[in-house]
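Structure record follows, encoded as structure tokens.
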Amino acid sequence: MHRLGGVGLAAFERQQQSQKSFAELSSALSQAQVDHLHSQLTQFRNALVRFASTHRDSIRRDPRFRHEFQRMCATIGVDPLAGPRKGGWWAEMLNLGDWNYELGVQIVDVCVSTRERNGGLIEMSELVRVVSKLRGVAGGVVTEDDVIRSIKSLKPLGAGYEVLDVGNGKKMVRSVPKELDEDQAVVLAIAQEEGGRVSEELLTGRRRWTPERARAALENMLLRDGLCWLDEQDEHGVAYWVPSAMRWDE
Amino acid sequence: MALSPQTTSSGFLLPSIHSAPPFFTQQPNQATQAIVTDHWTRLILSYARHRRLFTVRLDDAQASGNDWDEVFRNTRINRRLLPSHLAYILDDMVATNKAVYDPPKQSNSAILYWRTPDEWAEVLYDWAETTGQLNTILTFYDIIEPSVPSQLSGIPLALLRKAIATLGKSNRAQLITIADGEGVRFLAQSGK
């Protein structure tokens, strides 16, 4: 009787032999793949470096270009802030690291110097405006994108800077390590719409909140967080004002 | 509504915070009130300097029609500083030596230190020197209501006394009892 593969010791050895061969072949294949990937990565990196250094000036100068470059990096899964060296690719290839850090320092400067007025919460467009003023550049040279990226690079410092979305496409930057709950986010959004003024009536009328909920949210912001100011002489009784949502002309 | 600085009819530039409605309310949050107090202190002192107002009274916040209307009231937004809030601010100013209650032992009126007594001492001595009145005996009246208006015109007596006391310490002035009250003699500085 002859069975495929046979029986007995010889067959067992043969089977082991083939398993070993398969294993060798498999690791050789994956090694080849890894090598291939490595070479692709190197190639890609070189291409990116070439692109970045060719367009360095444009990237540094033109906010739109910078934004597009940043987006391209994001699409292909490269974080320009990450990298082998301090400051990441931005620093390595574009000398943008310094620019980012510089911007970071100015953002901190503005946040800290306006903190007493706004309780550590500043509207994004206001921040961009004041930072631009500080740099002595026209509007549009520093963009929201740049500020967000800079704030990201501040993260390792543990300063607790964070960009918040308050709805309606409005963003705020928080420079104090306080958690904002959802109700406060709603209050901030309304304050944005109303030039800074919020009241119980606005919250109950527009958001169908119960008076208790509205009062609790406002009192918390007033007494616990110092994020809003009280106005007892309001035409409708009592109002609350969020300084970071008010427009200040210096 | 943008909050912008406003120029008053007396030519004083009010800061933009003066257009913010909650600025006129005493804040229940201590940290916030500290900011409000600080802004009011600076505003009160700079307005007093601008108008040469030596004193402020709680009554000034009570009824309109006085020197402080432009500051204690904002008719554009229909807000005013309440006397109780002013009392709180004055307490803080006295505690930080930016004002002093005058007369003492009450808290309804205060002398504002937009110049400290030491700074007034220098002004006083400069005035005596440039008007050639060193070594002359002057009555307080001569200083408070001089025939030629000076920076010292209208200075409260309590403040004048403090300034003279400062000069006395460095031997630049001497209090003298004269027939109808008190006077002062300014002394030339040795080596000058």
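Note that the CZ atom of B:Phe23 and the CG atom of A:Asp231 stand 12.5 Å from one another [nearest 0.5 Å]. We find the OG1-CH2 distance between B:Thr25 and A:Trp229 to be 10.5 Å, quoted to the nearest 0.5 Å. Residue B:Ile77 holds its CD1 atom at 9.0 Å from CD of A:Glu235, rounded to the nearest 0.5 Å.
At least one side-chain heavy atom of A:Leu223 sits under 4.5 Å from a side-chain heavy atom of B:Pro28. Between A:Gln233 and B:Asn78 the shortest side-chain heavy-atom distance does not fall below 4.5 Å. Counting heavy atoms from C-beta on, the side chains of B:Pro22 and A:Leu230 never come closer than 4.5 Å.
Between chain A and the options B:Val36, B:Ile35, B:Ile17, B:Thr32, heavy-atom pairs under 4.5 Å are most frequent for B:Ile35. Chosen from B:Gln27, B:Gln26, B:Gln33, the residue pairing most often with chain A at heavy-atom distances under 4.5 Å is B:Gln27.
Surrounding CD of A:Glu182 are at most 12 heavy atoms belonging to other residues, nucleotides or ligands under 6.0 Å away.
Here A:Glu232 does not pair with B:Arg79 in a salt bridge; the nearest charged N to carboxylate O distance is not below 4.0 Å.
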Original post:
Can you list the steps and then say if A:Arg224 with B:Asn29 is a side-chain contact (heavy atoms from CB on, under 4.5 Å)?
Top reply: CA-CA 8 Å; A:Arg224 187 189 61 195; B:Asn29 183 322; over 6 Å; no
